[in-house]
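To keep things clear, I will list the structure first and then write my remarks on it.
Below, chains carry the letters A, B, ... as their sequence lines are ordered, and counting in each starts from 1.
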Amino acid sequence: MEDSLPNSDPAGLLASLTSAQREAAAHIDGPLLILAGPGSGKTRVVTHRVANLLLHGVAPGQILALTFTNKAADEMRQRVERLTQCRGVWMGTFHSFCARLLRQYATLVGLHENYSIYDADDSRRVLKEVLHSRAEPITHTSPEAIASAISWAKNSLVTADQYVPRANSTVGAIVARVYPEYQQRLIASNACDFDDLLLHVATLLREQEELRAQLDARYRYILVDEYQDTNLAQYAIVRALSIDHPNLAVTGDPDQSIYGWRGANLSNILEFEKDFTRVAVVRLEQNFRSTPNILQVADHLISFNVRRKPKRLFTDNPPASPVRLVVYPTGSDEADGIAQRIAEEVLAGRRRPGDCAVFYRVNALSRPIEHALRLQGIPYQIVNGLEFYQRKEIKDVLAYLHLVNNPQNDLALLRIINTPARGIGKTTLERLTSYARRKRICLLDAARQSGLVQAIPKRTATQIAKFVAALDRMSLHAGGPLQETMVAVLRESGYRDWLAESDSEEDQERLANVEELLTAAEEFDRQHPEAEQALELFLEQAALVADTDALETEQDRVTLMTLHAAKGLEFPVVFIVAAEHGLLPHERSSEDPEKIEEERRLLFVGITRAKQELQLSCAQYRAFRGERRPTIPSQFLMELPREELSYSEPVGYPSELDADDDFDDRRDDGDDLGGLDDSDDRDERPRRRGSVWSDEDFVQDSPVEYDEDDSQDGESRRGNRSGHAAPSSGRVQLFVPGMMVWHPDYGTGMVLSVSGSGLKRKAQIEFVQGGGTKSFLVAHSPLEPVPE
DNA sequence: TGGCAAAGGCTTTTT
DNA sequence: GCCTTTGCCA
């Protein structure tokens with residue numbers, strides 16, 4: 001506070017900042033809370049603050065900047081270096097920071113310095129094996145549910161021996177039995193999962209006071225980005241490092257907290273001011289990113305949330321085009337429409353592909369969009385799912401490396417002992433595993449003794465011995481440059497030959513990927529020429545890279561990604577698709593009001609990524625698990641300010657479909673087209689006061705059907721159209737039980753029951769915000785339908 | 001033991 | 001609809 005005035009800025013470093021930004025950037029000692037709205041120049045403030053600390057004589061090694069993604073860390077690093085020409089500030093994700101710390105203090109938590117990091121897939125395998133070996137009945141639940149329960153426990157700092165299941169929770173009971181053994185196996189394999197990285201470090205800091213004090217003194221200035229997304233473990237870590245030197249600066253926005261499902265605790269940011277004494281609070285509310293139209297939409301939407309710190313978002317940017325809300329007949333029409341629009345904009349020279357981004361709630365929604373973009377010949381990139389390090393062939397090669405680095409890594413051994421095929425099958429492995437368990441040794445040691453195992457035939461034992469010998473030859477190359485190690489692995493394992501000799505196109509592609517990994521190794525060697533444990537570092541990096549890190553901003557491509565992945569990014573043009581009930585909000589969130597708020601924040605994040613243009617859309621029918629189903633518009637669409645929106649149904653799609661009339665059933669009941677016909681007497685939408693929706697948009701039993709499939713594919717149109725109820729008696733019954741509604745005073749609610757008919761028709765409704773059941777005369781109520 | 005075909009299950013979001 | 005797991009046969 002005292003010396004955080006502009007006059008302590010001799011280099012004029014902070015001159016370009018606004019006064020609020022400058023206040024935050026100039027702050028030096030003591031806790032600092034920066035409440036930063038979207039597009040408020042937060043990164044700018046943080047990087048300037050780091051630069052300012054350096055300028056005031058703080059040593060780079062005393063500063064620790066923690067982010068959630070490597071990408072955010074890289075960007076921060078680059079910007080700080082540009083500002084100060086100074087290196088040596090530790091910037092990285094929580095996970096990589098903890099991984100590095102654990103290398104040093106591994107023995108204190110029962111690991112060795114060469115421990116392996118299991119990714120989600122690896123830990124899932126271990127868990128499944130534990131479940132299997134204990135013959136746990138997992139009907140009515142799934143390994144995923146159990147895994148996430150364990151993950152939740154770890155993120156809440158509950159260790160295996162502390163875990164107490166909630167009364168009569170089936171999953172909890174299983175977790176209580178399985179968690180300890182799962183943990184034992186990790187330790188026995190000298191491995192830890194993602195959550196352990198945090199949990200081990202938190203434990204370390206709690207139990208080793210001397211070490212804690214030492215690290216507290218070393219990392220004197222700590223910055224945490226996206227503080228609203230920290231979980232209890234992360235909180236404990238930064239808290240423990242900020243006791244003697246409470247120079248903790250956190251930035252975040254409660255409205256952008258979207259990781260509650262993985263244990264993020266909104267209270268961390270909401271109660272920061274209570275956690276520390278004499279907290280300086282700076283609010284960054286001016287938005288430099290978006291048009292006022294976009295900002296208005298975002299602001300209006302998020303105001304429906306209850307659990308938040310109210311703030312006012314404003315911008316000096318000039319007004320621009322309204323936010324578009326588009327209803328497409330089907331999901332593929334949506335994809336086509338968006339691809340077409342982008343194509344037009346690009347062709348007209350108004351936009352480049354790289355200006356545009358498409359966001360969706362679940363990864364599965366990317367397919368139709370990819371397809372449509374490909375048809376239009378628009379280059380795109382997907383930030384998602386199966387990225388490089390998750391591919392089978394890459395994981396195989398990495399498993400060899402893992403085993404070389406950490407011989408106790410049983411999971412890695414199981415993965416590659418028979419890849420390529422060496423005649424070591426399932427039964428042999430079972431025998432080997434039970435032998436290892438009996439002798440309490442790792443699988444590799446068991447393999448070394450396979451000749452002694454009675455149950456394993458001589459012939460097979462010889463095969464195993466050959467494998468072990470090959471592995472030992474690889475290990476001879478372990479100390480040197482990474483590339484050399486990897487070449488040895490590919491040679492001695494026979495993996496490369498195996499792929500090279502295959503005729504299948506798939507294997508050739510795999511070979512290419514393996515070559516790419518080799519290139520990555522080469523690059524790694526170049527960047528870390530002096531590294532003694534290159535192998536260890538490389539494996540660590542491979543385990544901790546995230547999907548979003550692969551994002552290439554250089555390339556001029558449309559970017560496709562989930563709403564979660566979009567956080568922290570911005571694009572001139574943004575499309576958010578599938579704003580439909582069950583998808584956004586996701587069905588697994590739709591009962592719990594708190595989760596609904598998180599879904600709303602997710603949409604808020606998506607909206608505020610847009611700089612100039614924003615389109616929200618939904619479809620009236622969407623293919624889901626191979627089945628086409630009518631959809632319900634998202635309740636969030638009702639929460640947008642009408643005056644900022646332009647509403648449209650694109651013309652053309654329905655008529656195109658109508659032209660293709662070799663399917664007579666399409667025209668059944670065709671006189672009630674529910675707002676989808678191509679006549680032009682309805683372009684006056686929105687017509688209904690107080691809502692962008694007209695009654696026709698809520699037709700429950702639309703008599704019209706549109707195929708999701710490409711029109712040339714006649715096959716897909718036969719058979720009965722399931723997921724589609726029979727047409728009802730003409731006019732739609734707007735309120736039916738289970739349907740979502742909106743009331744100007746009470747917000748969103750659900751219809752519990754209806755009674756009466758005509759003007760006397762009543763609906764009993766329970767509102768999300770609570771307050772019990774309320775009853776309304778449908779005809780006279782201001783209820784807006786969000787049907788279900 | 002290994003390869004192939006059929007059946008089953010699955011879908012949030014990520015370090 | 002797609003991917004993974006299971007089961008059967010050579």
Side-chain angles (χ1 to χ4, degrees), chain A residues 66-73 92-99 117-125 128 132 138-139 142-145 147-148 151 154-155 192-199 226 229-231 233-234 257-264 331 359-368 383-387 389-390 392 418-430 457 459-460 463 540-549 561-567 578 582-590 595 598-599 601-603 605-606 623-628 708-709 716:
Chain A
L66 296 169
T67 60
F68 270 77
T69 61
N70 297 299
K71 200 179 144 285
T93 64
F94 265 100
H95 287 84
S96 62
F97 171 69
C98 291
I117 300 169
Y118 282 0
D119 66 17
D121 185 58
D122 298 332
S123 43
R124 201 60 40 89
R125 274 172 205 246
K128 278 186 182 167
H132 193 71
I138 49 164
T139 44
S142 65
E144 279 65 34
S148 77
S151 173
K154 288 185 172 182
N155 286 324
C192 68
D193 62 22
F194 284 143
D195 304 316
D196 280 339
L197 292 171
L198 305 175
L199 178 59
E226 310 281 12
D229 285 327
T230 50
N231 57 38
Q234 289 160 331
S257 168
I258 54 174
Y259 286 107
W261 53 274
R262 77 175 201 212
F359 304 152
Y360 34 79
R361 179 65 233 267
V362 294
N363 278 310
L365 287 168
S366 71
R367 273 173 198 283
V383 180
N384 88 325
L386 258 198
E387 39 99 38
Y389 286 100
Q390 298 290 331
K392 182 193 180 304
N418 203 33
T419 313
R422 298 185 177 90
I424 305 168
K426 213 171 107 191
T427 29
T428 307
L429 285 175
E430 268 165 24
R459 209 199 188 131
T460 315
Q463 289 298 101
E540 177 185 306
Q541 208 177 71
L544 297 177
V545 288
D547 301 344
T548 28
D549 300 337
M561 63 179 126
T562 63
L563 286 161
H564 281 89
K567 195 169 77 165
L583 234 31
L584 183 66
H586 194 270
E587 57 180 332
R588 293 186 46 172
S589 299
S590 49
K595 287 184 179 169
E598 181 156 316
E599 298 280 323
R601 291 195 291 266
L602 193 53
L603 181 55
V605 166
F624 178 70
R625 288 221 287 243
E627 214 180 12
R628 196 185 62 258
E708 284 271 46
D709 307 284
S716 62

Inset, instruction - Look at all strands and tell whether A:Ser96 reaches a base, only sugar-phosphate, or nothing, counting heavy atoms closer than 4.0 Å. - result: nothing
Please list, pair by pair, any protein nitrogen or oxygen found under 3.5 Å from a nitrogen or oxygen in nucleotides 2-5 of chain B.
{"from": "B:dG2", "atom 1": "OP1", "to": "A:Gly423", "atom 2": "N", "distance (Å)": "2.8"}
{"from": "B:dG2", "atom 1": "OP2", "to": "A:Asn418", "atom 2": "ND2", "distance (Å)": "3.2"}

Inset, instruction - Could you check if a side-chain atom of A:Leu197 sits within less than 4.5 angstrom of a side-chain atom of A:Phe97, using non-hydrogen atoms only? - result: no
Legend entry - Length of the CG-C1' vector between A:Asn231 and B:dT15, whole Å: 10 Å
Legend entry - Nearest-angstrom distance from the residue atom CG of A:Asp196 to P of B:dT14: 21 Å
Legend entry - Close side-chain approach of A:Tyr360 and A:Thr562, heavy atoms under 4.5 Å: yes
Legend entry - Spacing between A:Glu587 atom CD and B:dT13 atom P, to the nearest angstrom: 12 Å
Are any protein N/O atoms closer than 3.5 Å to N/O atoms in nucleotides 3-10 of chain C? If there are, list each pair with its distance.
none

Inset, instruction - Grab the stems for DNA chain B, please: at least three consecutive Watson-Crick or wobble pairs, both distances below 3.5 Å, written as range with range. - result: B:1-10 with C:1-10
Inset, instruction - Work out which heavy atom in A:Ala147 is nearest to a heavy atom in A:Arg124; give both atom names and the distance. - result: CB-NE, 3.5 Å
Inset, instruction - Would you kindly give the NZ-to-C1' distance between A:Lys154 and B:dT15, to the nearest whole Å? - result: 13 Å
Legend entry - Protein-nucleotide distance (A:Asp119, atom CG; B:dT15, atom P), rounded to Å: 12 Å
Legend entry - Heavy-atom side-chain contact between A:Lys567 and A:Tyr259 under 4.5 Å: yes
Legend entry - A:Ile258 backbone acceptor or donor facing A:His564 side chain under 3.5 Å: yes
Inset, instruction - Ignoring backbone atoms, establish whether A:Thr562 has a side-chain N or O less than 4.0 Å from OP1 or OP2 of B:dT14. - result: yes
Inset, instruction - Measure the shortest side-chain to side-chain distance between A:Lys154 and A:Asp193 over non-hydrogen atoms and say whether it is less than 4.5 angstrom. - result: yes
Inset, instruction - Report yes if the side chains of A:Pro420 and A:Arg422 come closer than 4.5 Å at any heavy-atom pair, otherwise no. - result: yes
Inset, instruction - Please report the closest heavy-atom contact between A:Val362 and A:Leu583, naming both atoms and the distance. - result: CG2-CD1, 4.5 Å
Inset, instruction - Could you tell me whether the side-chain ring of A:Trp261 sits stacked on the base of B:dT13, using a centroid cut-off under 5.5 Å and a plane angle under 30°? - result: yes
Legend entry - Short side-chain N/O contact to B:dT13 OP1/OP2 from A:Asn363, under 4.0 Å: yes
Inset, instruction - Taking the side chain as every heavy atom from C-beta outward, state whether A:Asp121 and A:Arg125 have any pair of such atoms under 4.5 Å apart. - result: yes
Inset, instruction - Let me know which of A:Leu544, A:Leu66, A:Asn70 forms a side chain to side chain contact (heavy atoms under 4.5 Å, CB included) with A:His95. - result: A:Leu544
Legend entry - Nearest-angstrom distance from the residue atom CZ of A:Arg124 to C1' of B:dT14: 11 Å
Inset, instruction - Mind calculating the distance between CG (A:Asp229) and P (B:dT15) to the nearest angstrom? - result: 11 Å
Inset, instruction - With heavy atoms under 4.0 Å as the rule, sort A:Phe68 into base, sugar-phosphate or nothing. - result: sugar-phosphate
Legend entry - Minimum-distance pair of heavy atoms, taken over all atoms of A:Ser589 and A:Glu599: OG-OE2, 2.9 Å
Legend entry - Donor-acceptor contact below 3.5 Å, side chain A:Gln234 vs main chain A:Phe94: no
Legend entry - 5' priority, DNA chain B, between A:Leu198 and A:Pro143 [closest heavy atom]: A:Pro143
Inset, instruction - Could you check how far CG of A:Leu563 sits from P of B:dT13, rounded to whole Å? - result: 11 Å
